[in-house]
Amino acid sequence: VNTFSFGDNEVRTEIRFEPGQSIGAALLAAGHRSWRTTRRQGGPRGIFCGIGVCFDCVVIVNGRPGQRACLTEAQAGDLVRPQEGAGRGQLAV
Amino acid sequence: MAGADVLVIGAGIVGAACAYYCADAGLRVTVLDRGSVAGGTTSAGEGNILVSDKEPGPELDLALLANRLWSELDGDGCELEHKGGIVVGQNPETAAALATLAARQRDHGVDAIDVSAAELAELEPNLTPNVLAGVHYPQDMQVQPMLATAQLLRRSGATVHTETDVLAVRPREVRTSRGNFRADWVVNAAGVWGGEIAGLAGAPVPILPRRGFVLVTEPLPRVVRHKVYTADYVANVASGQAGLETSVVVEGTRAGTVLIGASRERVGFDRRFSPSVLRTLAARAVDLFPFLAEVHLLRSYLGFRPYCPDHLPVIGPDPRAPGLIHACGHEGAGIGLATATGQLIAQTITGVPPDLDLTPFRPDRFAEAR
């Protein structure tokens, strides 16, 4: 069974996926609807367009922020973390 | 249709500014556009209001007037930001040329502050350390150009007709796909199509398209504080080359995206995307701001700068066509120069001595040059 790890540093769950499935599809199938919060209001976001256009479903994959969950193919052992805002607070000046 | 004092052809930023200042002077204004409000070059740039990229001369005088007028405008709803510009020199030649330009600009009233590499690192912490020196231009501003156009039109109270094609321009009358419009003055603010309108009026001006691309990153926290560009930008802006020229211009927006320009090509109205141009722009931006290598691009867009062979806009009444007054050909500086242009047009129409001598911008200067 293929799984990747999803969650923050405290709570993590293993998410099953089929070969070739996107991270977003696997998260939806596992009952997760949001995995990002908006930059200003902190509102919940997940899949919106589902085809890579809207950049609403971005998530941190193996330490890289801004990955579109709808387009990123899940790989066994991936570490997927929810993204707060732009996910690049360390760059702020 | 009912007559107006002033009929403005073009609902881009320049047309909107003409409408705004004419209405402010008490004139009744109607605005036409073949497409939508801010649907042409206005929506295809970055919204710059710059003095930094102007050589001393008529365009800098115009830019300084425009800068003052933008500062006096109520920037509400326009995302007007007094962010300042920073120009950097990455090799000894460009750094020296930049310092010379800045000194000449200072003599003409530009606030241009020489900054060392160490000071650049404080002003822009994400900037590459591979810079020799720079100049800080606190007067440079940015505005969201579509919002600014809409605001100026709304505040003018002008009647606006979109999706209206101009078919003929006669003295004090314009025939369109939606009927005839009469006015004492017809303002040609048709931007990159200004040459067509001038041709219809029998008073040709040579305005040609100069294509540019802009790359848009994913939204980020504030990562770039100023408009930052390399010193070769000024040389490219003033160049007459037909082939591709790129310089790198990087700046943030209120929405969090970072905009990356600037390419210049004379390829007519060719709207095809050019991956090689986009790749060059991206690579040069990464040179200047290394963190961009890890950032995603959301999209890119392109537009056509309306340029004249001498790189000056065409502003003023046309002696060849009674009642016709031009306000076009601003190349890549139309957003910034719009306020001054609108003010000068309104002053000319109302018979007030203009704030600037319009001689360098006169529409019939090209005929004389031949």
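Residue numbers begin at 1 in each chain, while the letters A, B, ... track the order of the sequences.
Scanning both residues, A/Ala92 and B/Pro221, for their nearest heavy atoms gives CB-CB, 3.8 Å. Closest approach of A/Arg88 to B/Glu294, counting heavy atoms only: NH2-O, 3.1 Å.
Residues of residues 26-38 of chain A never come within less than 4.5 angstrom of chain B, heavy atom to heavy atom.
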Side chains of residues 141-148 of chain B: which donor-acceptor pairs under 3.5 Å do they make with residues two or more places apart or in other chains?
from, atom 1, to, atom 2, distance (Å)
B/Gln142, OE1, B/Lys83, NZ, 2.5
B/Gln142, NE2, B/Glu46, O, 3.0
B/Gln142, NE2, B/Glu251, OE1, 3.2
B/Gln144, OE1, B/Met146, N, 2.9
B/Gln144, OE1, B/Leu147, N, 3.1

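A donor-acceptor pair under 3.5 Å is absent between the side-chain atoms of B/Arg299 and the main chain of A/Val53, judged by distance alone. No donor-acceptor pair closer than 3.5 Å links the side chain of B/Asn126 to the backbone N or O of A/Val93.
Put simply, CZ on A/Arg68 and CD on B/Glu218 are 9.5 Å apart, with the number rounded to the nearest 0.5 Å.
More than 12 heavy atoms of other residues, nucleotides or ligands lie within 6.0 Å of CD in A/Gln90, so this atom counts as buried by the packing criterion. Applying the 6.0 Å contact sphere to CD of A/Gln21 captures more than 12 heavy atoms from other residues, nucleotides or ligands. Surrounding CZ of A/Phe48 are at most 12 heavy atoms belonging to other residues, nucleotides or ligands under 6.0 Å away. More than 12 heavy atoms of other shown residues, nucleotides or ligands fall within 6.0 angstrom of atom CZ in A/Arg12. The neighbour count for A/Glu18 CD, taken as heavy atoms of other residues, nucleotides or ligands under 6.0 Å away, does not exceed 12.
With a threshold of 4.5 angstrom between heavy atoms, B/Glu124 does not approach chain A through any atom at all.
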